S.K.: 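I'd like to ask you about the structure that follows.
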Amino acid sequence: MATISDYIKLAKKLDFSLTKYLDTTESSELRKIKDPSLEIFYNGGYEDAERLRAIIIKKGEIKPSDEEFEIGVIKVVPKSDIKEITHRHVLGTLMSFGIKRDVVGDILINDNEIYIFTTKDMENFIKENLYKINGVGVDTYIANTTDINYVEKSKEQLINIPSLRLDAVISKVLNISRNDSTELINKGLVQVNHIECNNVSYFLKMDDLLSIKHFGRVLIKEIDHTTKKDRLVLRIIVC
């Protein structure tokens with residue numbers, strides 16, 4: 001499996017490098033690299049994708065097109081709803097084919113359809129082999145990224161916090177102690193705007209996107225008001 005440094009070396013040698021799907025930790029690692037000779041672009045197949053492919057090119061080259069990311073999409077339609085199909089079921093079925101995790105991007109599940117993002121070269125293989133998930137028969141179709149009919153479930157809410165410190169916000173959002181939120185941050189499970197943040201006292205700003213592994217994402221929207229005790233009532237979107 002290629003590492004981030006491998007992709008960087010390849011880009012320096014050939015002026016172009018296309019990664020497999022990167023998880024959030026790998027994407028964060030790549031975003032931290034500041035090389036004036038290179039430019040890096042990301043695409044996961046849809047807006048706000050978590051697992052991304054990156055193209056690394058020589059500084060000044062033409063911005064890559066969507067097609068150059070070689071992203072494939074499989075639309076899956078269950079033939080019945082007798083059993084629930086979850087992300088775990090879909091991923092487990094794909095892994096049973098012997099394929100590697102880094103050729104599979106995000107998996108989006110609506111009420112009656114599933115979208116699997118993959119590398120373009122794996123599209124036909126998955127379509128031809130995927131006919132059942134969690135015991136439920138499915139129909140599969142090759143789709144385009146423009147065909148995606150998916151609305152992310154999100155919820156707007158207000159939280160009462162002493163400050164915009166990262167540990168304070170996480171503590172309130174997850175309803176855990178400050179010590180527990182500090183532990184999450186120190187373990188590298190928290191990202192701010194797709195970059196791992198280990199600073200518990202980092203002050204969040206409006207429109208920052210907070211990603212917490214195994215929980216989800218939180219968009220910092222606005223300060224609704226300040227209480228008489230100078231606490232902040234913060235409007236967030238949890239998705």
Side-chain angles (χ1 to χ4, degrees), residues 1-72 100-108 117-120 145 152 154 164-167 169-170 173 181-221 236-239:
M1 182 182 296
T3 65
I4 296 300
S5 61
D6 291 332
Y7 290 123
I8 293 294
K9 290 176 183 177
L10 186 61
K12 284 181 173 291
K13 181 179 180 180
L14 303 179
D15 297 337
F16 178 92
S17 178
L18 171 63
T19 73
K20 296 290 188 178
Y21 279 98
L22 307 174
D23 61 26
T24 54
T25 300
E26 292 167 324
S27 295
S28 177
E29 180 184 345
L30 185 55
R31 290 177 194 275
K32 290 177 181 178
I33 293 175
K34 306 298 180 184
D35 189 317
S37 68
L38 299 174
E39 286 189 276
I40 306 174
F41 299 88
Y42 301 88
N43 194 325
Y46 72 103
E47 190 175 359
D48 296 328
E50 289 193 359
R51 293 180 65 82
L52 303 168
R53 300 195 78 176
I55 287 179
I56 309 168
I57 58 175
K58 182 181 178 181
K59 186 81 170 181
E61 294 290 328
I62 298 174
K63 180 181 177 180
S65 64
D66 289 344
E67 289 74 21
E68 289 181 271
F69 286 91
E70 300 181 14
I71 291 174
K100 295 181 179 179
R101 182 66 177 97
D102 62 9
V103 303
V104 179
D106 282 5
I107 298 169
L108 306 180
F117 291 83
T118 184
T119 54
K120 198 70 176 176
T145 55
E152 186 172 40
S154 59
L164 286 167
R165 269 181 55 133
L166 182 60
D167 58 344
V169 173
I170 291 177
V173 168
S181 66
T182 295
E183 186 175 353
L184 288 177
I185 296 167
N186 290 336
K187 284 183 176 179
L189 302 180
V190 176
Q191 294 183 347
V192 178
N193 300 324
H194 307 292
I195 298 177
E196 184 179 309
C197 183
N198 302 112
N199 182 4
V200 297
S201 59
Y202 177 85
F203 274 82
L204 293 163
K205 305 178 294 297
M206 299 307 104
D207 295 323
D208 274 351
L209 180 64
L210 180 61
S211 301
I212 309 168
K213 198 164 187 179
H214 307 308
F215 170 77
R217 292 175 291 182
V218 178
L219 179 65
I220 309 300
K221 286 298 291 180
I236 62 174
I237 294 178
V238 180
C239 50

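In this text, all values refer to a predicted model and were calculated from it rather than measured experimentally.
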S.K.: Donor-acceptor pair, Q191 side chain versus T24 backbone, under 3.5 Å?
M.R.: yes

S.K.: Please, which pairs that meet salt bridge (charged side-chain N to carboxylate O under 4.0 Å, His left out) have at least one residue in residues 182-192, sequence neighbours excluded?
M.R.: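 Counting only pairs at least two positions apart or across chains, the salt bridge (charged side-chain N to carboxylate O under 4.0 Å, His left out) contacts touching residues 182-192 are E183-K187.
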
S.K.: Go through L166 and L210 one step at a time and tell me if the side chain to side chain contact (heavy atoms under 4.5 Å, CB included) criterion holds.
M.R.: CA-CA 9 Å; L166 182 60; L210 180 61; 3.4 Å; yes

S.K.: For S37, what residues pass the side-chain contact (heavy atoms from CB on, under 4.5 Å) criterion, not counting sequence neighbours?
M.R.: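 With sequence neighbours excluded, S37 shows a side-chain contact (heavy atoms from CB on, under 4.5 Å) to K12, D35, given in chain and number order.
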
S.K.: Could you list the residues that satisfy salt bridge (Lys or Arg N to Asp or Glu O under 4.0 Å) with E70, not counting sequence neighbours?
M.R.: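 Salt bridge (Lys or Arg N to Asp or Glu O under 4.0 Å) check on E70 returns nothing, list empty.
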
S.K.: Please indicate whether K32 has more than 12 foreign heavy atoms, meaning atoms of other residues, nucleotides or ligands, lying under 6.0 Å from its NZ.
M.R.: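 Result for NZ/K32: enclosed.
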
S.K.: Could I get the full list of salt bridge (Lys or Arg N to Asp or Glu O under 4.0 Å) partners for K205, not counting sequence neighbours?
M.R.: D208

S.K.: Mind running side chain to side chain contact (heavy atoms under 4.5 Å, CB included) on T145 and D66 for me, showing each step along the way?
M.R.: CA-CA 10 Å; T145 55; D66 289 344; 5.7 Å; no

S.K.: Among residues at least two apart in sequence or on other chains, which ones pass ring-ring contact (aromatic ring centres under 6.0 Å, His included) with Y21?
M.R.: none

S.K.: With sequence neighbours excluded, tell me which residues meet salt bridge (Lys or Arg N to Asp or Glu O under 4.0 Å) with K120.
M.R.: E123

S.K.: Taking all heavy atoms of G44 and all of L52, pick out the closest pair and write down the distance.
M.R.: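 Heavy atoms only, the tightest pair is N-CD2, 3.6 Å.
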
S.K.: Quick one: list whatever passes salt bridge (Lys or Arg N to Asp or Glu O under 4.0 Å) with D23, sequence neighbours left out.
M.R.: none

S.K.: Applying salt bridge (charged side-chain N to carboxylate O under 4.0 Å, His left out) as the test, list every pair that has at least one member in residues 189-201; sequence neighbours left out.
M.R.: none

S.K.: Applying side-chain contact (heavy atoms from CB on, under 4.5 Å), name anything that partners T182, two or more places apart in sequence or on another chain.
M.R.: D167, N186, V200

S.K.: Under the side-chain contact (heavy atoms from CB on, under 4.5 Å) rule, collect the residues that match up with A54, sequence neighbours excluded.
M.R.: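 Partners of A54 under the side-chain contact (heavy atoms from CB on, under 4.5 Å) test: T19, L22, L30, I40, Y42.
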
S.K.: Filter on salt bridge (charged side-chain N to carboxylate O under 4.0 Å, His left out), then keep only pairs touching residues 49-60, sequence neighbours left out; what's left?
M.R.: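 Qualifying pairs, neighbours excluded: E50-R217.
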
S.K.: Show your working on ring pair (Phe, Tyr, Trp, His ring centres under 6.0 Å) between F117 and Y46 and close with a plain yes or no.
M.R.: CA-CA 9 Å; F117 291 83; Y46 72 103; 5.3 Å; yes

S.K.: Who passes side-chain contact (heavy atoms from CB on, under 4.5 Å) against F203, sequence neighbours left out?
M.R.: S163, L164, R165

